[in-house]
Peer 1: 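Dumping the structure here so I can ask a few things about it.
The sequence lines fix the lettering, A, B, ..., with proteins before strands; numbering per chain opens at 1.
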Amino acid sequence: MLSFEFLREKREVLIKALEKRGYDAAIVDELVKLDEERRRLIREGDELRRIRNQRNEDVARLKKQGADISELIAELRQVSRRIKEIEEKQAKVESKFKELWLQIPNIPHESVPIGKDETENKVIRQEGEPREFDFEPKPHWELGEKLGILDFKTAAKMSGSRFAVYKGLGAKLERALINFFLDVHTREHGYVEVMPPVLVKSESAYASGHLPKFREEMYFIEQDELFLIPTAETSLANLHRDKILDEDSLPLKYVSYTPCFRREAGSYGKDVRGIIRVHQFNKVELFQFTKPEDSYDVLEQMLAHAEKILKLLKLPYRIVQLCTGDLGFASAKTYDIEVWAPGVGRWLEVSSVSNTESFQARRSNTRFRRKSTGKVEFVHTLNGSGLATPRTFIAILENYQRKDGTVEIPEVLRPYMGVSEIA
RNA sequence: GGAGGGUUAGCCUAAUUGGUAAGGCGGCGGAUUUGAAAUCCGCUGGGGUUACUCCCUUGGGGGUUCGAGUCCCUCACCCUCCGCCA
């Protein structure tokens, strides 16, 4: 959610931002109209309430004196009726306004390149060289099935397409990755480990910005009106909802391992094989609450924290800056990290690091009191995967595969695995 | 699932039979001071307005009333106990 400032004083900035993102800016006119209507009703209602408050004091006083107040009360009954009418109108206008306002995405940071979709994202740099193979590298689903560590047939029977059963060293590798990620971020990068619920109420999904726009992307438990989270970000954005934090406590750094659930509606036929795109996956998520002036430095730090994992795993990757057309709804600036997967011959997104500035903080009403002024301000929130496991799993199988279909385990994972290869 | 108790501002705590939320702490600003402490004064969340001595805010929503923290209904969350389950 944005400050109303953008609707009133900085309307051109808002319209320009929407256009850059490829949104229809016509919604702004409607919002302006509703906002004006809303304010008109507030003024009208305030005036009537002021009269009512004043006259009610007269009622109390006169009643104590034993005077006849029946006329006054009859008059006030009228005033109350009008107040009620106005309040009803106002509630309608406000709910319409809010509905539209919640659909407005964040304003892209000035450093974000303008572009219409993911084809216009910018590759900023590449780290590590893709390995030269003296044989044709196989895709992970072939390697995984042959090694008996991934079972797609059984998963399809149990749960349908886009699921996988991990077995034996496959399951262990998955668990090793999660533990390795958590250990690096808690020990080396100073994050506090958090294990949040993976089922959340709708208001939490609104706060994180996943509702209303991504309703179709989330699994919904109708009986209890709960959503399965698509990312730990959804839960973590609510950690300090409706709180005023101490300035000294910032930045607050959290790391969470959670399963993530995505319906992948509309992606039929895309990445149907293997575990590139699945309905349920594991992810270790970094999340920070910062002061506004620090958030862009923190964005770079978080990118480095996520990169550290790939460096330790010795996997080649590249950093991509998302253009305005591909930027996430809540994000003002995002870097993606893509790892090289030689078996499928593609760069795969394993992390997305975003600064939402105060966008989520407004929705979640998360603020801090600034010591120098004593005033409350919204914090900035940032999130980044550190990392998502399936595509890291893919990259390990495909990059560390041998000609005979066996896979070497990266050095740093061996203490977690207890073995040096999957054969 | 059943019974009872609770939710007041950043935190803590009040509020006769319904008369419009009182204090304390913390924080910020100011006065005083060589500086600090102490003391005193003001401010403290949201909104509207050219502006104000204006409006709103007692967990959410609704109702009764001229007027609701207070009475009624409903929902959420927390605590205690019972039942069920792990």
Peer 1: Please measure how far the P atom in A38(B) lies from the corresponding atom in C25(B), and state the result in whole Å.
Peer 2: 11 Å
Peer 1: Can a side chain N or O of S372(A) be found less than 4.0 Å away from OP1 or OP2 on C28(B)?
Peer 2: no
Peer 1: Is there a Watson-Crick or G-U wobble partner for G35(B) with both distances under 3.5 Å, and which nucleotide is it?
Peer 2: none
Peer 1: Could you give the distance separating U58(B) and C12(B) at their C1' atoms, to the nearest angstrom?
Peer 2: 15 Å
Peer 1: Quote, to the nearest angstrom, the C1' distance that separates A14(B) from G46(B).
Peer 2: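 Here A14(B) and G46(B) have their C1' atoms 24 Å from each other.
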Peer 1: Check whether any side-chain N or O of R367(A) sits under 4.0 Å from OP1 or OP2 of G46(B), and answer yes or no.
Peer 2: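 Yes, because at least one side-chain N or O of R367(A) sits under 4.0 Å from OP1 or OP2 of G46(B).
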Peer 1: Applying the Watson-Crick and G-U wobble criteria at under 3.5 Å, what pairs with A3(B)? Answer none if nothing qualifies.
Peer 2: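 Looking at the geometry, A3(B) pairs with U80(B).
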Peer 1: Roughly, in whole Å, what's the span from CG in L48(A) to C1' in C56(B)?
Peer 2: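 Atom-to-atom, L48(A) to C56(B), this comes out as 15 Å.
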Peer 1: If I pick the P atom on U57(B) and the same atom on G63(B), what distance separates them, to the nearest angstrom?
Peer 2: 14 Å
Peer 1: Think K84(A) has a side-chain N or O under 4.0 angstrom from the OP1 or OP2 of U64(B)?
Peer 2: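 The answer is yes; a side-chain N or O of K84(A) sits under 4.0 Å from OP1 or OP2.
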Peer 1: Quantified in whole Å, what is the P atom distance between nucleotide U64(B) and nucleotide U70(B)?
Peer 2: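 Pairwise P distance, U64(B) against U70(B), rounds to 15 Å.
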Peer 1: Using a heavy-atom cut-off of under 4.0 Å over every strand shown, decide if K375(A) touches base, sugar-phosphate, or nothing.
Peer 2: nothing
Peer 1: Need one value for R82(A): base, sugar-phosphate or nothing, where a base atom within 4.0 Å counts as base even if backbone is also close, heavy atoms only.
Peer 2: nothing
Peer 1: When the nearest nucleotide of RNA chain B is assigned to S80(A) and to I42(A) on a heavy-atom basis, which residue is associated with the more 5' position?
Peer 2: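 Its nearest nucleotide lies further toward 5', so the answer is I42(A).
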Peer 1: Roughly, in whole Å, what's the span from CZ in R50(A) to P in U49(B)?
Peer 2: 16 Å
Peer 1: Any donor-acceptor pair, under 3.5 Å, between the side chain of D46(A) and the base of G47(B), if you only look at N and O atoms?
Peer 2: yes
Peer 1: When rounded to the nearest Å, what value does the distance between P atoms of U74(B) and G1(B) take?
Peer 2: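 16 Å, rounded to whole Å.
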Peer 1: With P as the reference atom in both, quote the distance from A36(B) to C28(B) in angstrom, rounded to an integer.
Peer 2: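 Rounded to whole Å, the distance is 13 Å.
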Peer 1: Can you confirm whether or not the ring centre of F281(A) sits under 6.0 Å from the ring centre of F393(A)?
Peer 2: no
Peer 1: Please measure how far the C1' atom in G19(B) lies from the corresponding atom in C73(B), and state the result in whole Å.
Peer 2: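 Straight-line distance between the two C1' atoms is 24 Å.
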Peer 1: Rounded to the nearest angstrom, tell me the gap between atom CZ in R39(A) and atom C1' in C54(B).
Peer 2: 17 Å
Peer 1: Among C77(B), G10(B), G48(B), find the nucleotide with the atom closest to the side chain of R369(A).
Peer 2: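 Within the option list, the nearest is G10(B).
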Peer 1: Write down the distance between CG (L72(A)) and P (G19(B)), rounded to a whole number of angstrom.
Peer 2: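 Nearest whole value for this atom pair: 18 Å.
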Peer 1: Distance check needed: G67(B) P versus E75(A) CD, whole Å only.
Peer 2: 13 Å
Peer 1: Is the distance between the ring centroids of F289(A) and F368(A) under 6.0 Å?
Peer 2: no
Peer 1: Could you say whether R38(A) or R49(A) is positioned toward the 5' end of RNA chain B, judged by the nucleotide with the nearest heavy atom to each?
Peer 2: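 First, find each residue's nearest nucleotide; the 5'-ward one identifies R38(A).
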Peer 1: Side chain of V59(A) only, heavy atoms from C-beta on: which candidate in G47(B), C66(B), U49(B) is closest?
Peer 2: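 Taking heavy atoms from C-beta onward, the closest nucleotide is C66(B).
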Peer 1: Below 4.5 Å, heavy atoms only, C-beta onward: do E44(A) and R40(A) meet side chain to side chain?
Peer 2: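 Heavy-atom side-chain distance check passes, below 4.5 Å.
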Peer 1: With both distances under 3.5 angstrom, what nucleotide forms a Watson-Crick or G-U wobble pair with U53(B)?
Peer 2: none
Peer 1: Between R8(A) and G48(B), does any side-chain N or O lie under 4.0 Å from OP1 or OP2?
Peer 2: yes
Peer 1: Figure out the CD/P separation between E247(A) and G10(B), and round it to whole Å.
Peer 2: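 After rounding, the gap between these two atoms is 17 Å.
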Peer 1: From the list G67(B), G46(B), G26(B), which nucleotide is the closest neighbour of the side chain of R52(A)?
Peer 2: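 Closest of the options to the side chain of R52(A): G67(B).
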Peer 1: Taking any strand in view, what nucleotide pairs with U16(B) in a Watson-Crick or G-U wobble way, both distances under 3.5 Å?
Peer 2: none
Peer 1: Quick one: do the Y219(A) and H279(A) side chains pair a donor with an acceptor below 3.5 Å?
Peer 2: yes
Peer 1: Who does A21(B) pair with, Watson-Crick or G-U, both distances under 3.5 Å?
Peer 2: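 In the structure as shown, A21(B) has no Watson-Crick or wobble partner.
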Peer 1: Searching all strands shown, indicate the nucleotide that pairs with A86(B) (Watson-Crick or G-U wobble; both distances under 3.5 Å).
Peer 2: none
Peer 1: If you define the side chain from C-beta out and look only at heavy atoms, does anything of L228(A) sit under 4.5 Å from F220(A)?
Peer 2: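 L228(A) does not reach F220(A) side chain to side chain.
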Peer 1: Go ahead and name the base partner of C40(B); Watson-Crick or wobble counts if both distances stay under 3.5 Å, otherwise write none.
Peer 2: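 Pairing partner: G30(B).
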Peer 1: From the set C66(B), U49(B), A76(B), return the single nucleotide nearest to any side-chain atom of L76(A).
Peer 2: C66(B)
Peer 1: Other residues, nucleotides and ligands only: do more than 12 of their heavy atoms fall within 6.0 Å of CZ on R82(A)?
Peer 2: no
Peer 1: For C55(B), does OP1 or OP2 lie under 4.0 Å from any side-chain N or O of N53(A)?
Peer 2: yes
Peer 1: Side-chain donor-acceptor pair under 3.5 Å between Q360(A) and E233(A), yes or no?
Peer 2: yes
Peer 1: Base, sugar-phosphate alone, or nothing: which one does K243(A) contact when heavy atoms must sit under 4.0 Å apart?
Peer 2: nothing
Peer 1: Measure the distance from CD on E57(A) to P on U53(B) and round it to the nearest whole Å.
Peer 2: 16 Å
Peer 1: From the set C56(B), G19(B), G48(B), return the single nucleotide nearest to any side-chain atom of N56(A).
Peer 2: G19(B)
Peer 1: Give the nucleotide from the list G45(B), C55(B), C66(B) with an atom nearest to the side chain of R77(A).
Peer 2: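 The answer is C66(B), which lies nearest to the side chain.
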Peer 1: Would you mind reading off the distance between Q78(A) atom CD and U65(B) atom P, rounded to a whole angstrom?
Peer 2: 14 Å
Peer 1: Does the ring centre of H305(A) sit less than 6.0 Å away from the ring centre of Y191(A)?
Peer 2: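 Yes - the distance between ring centres of Y191(A) and H305(A) falls below the 6.0 Å cut-off.
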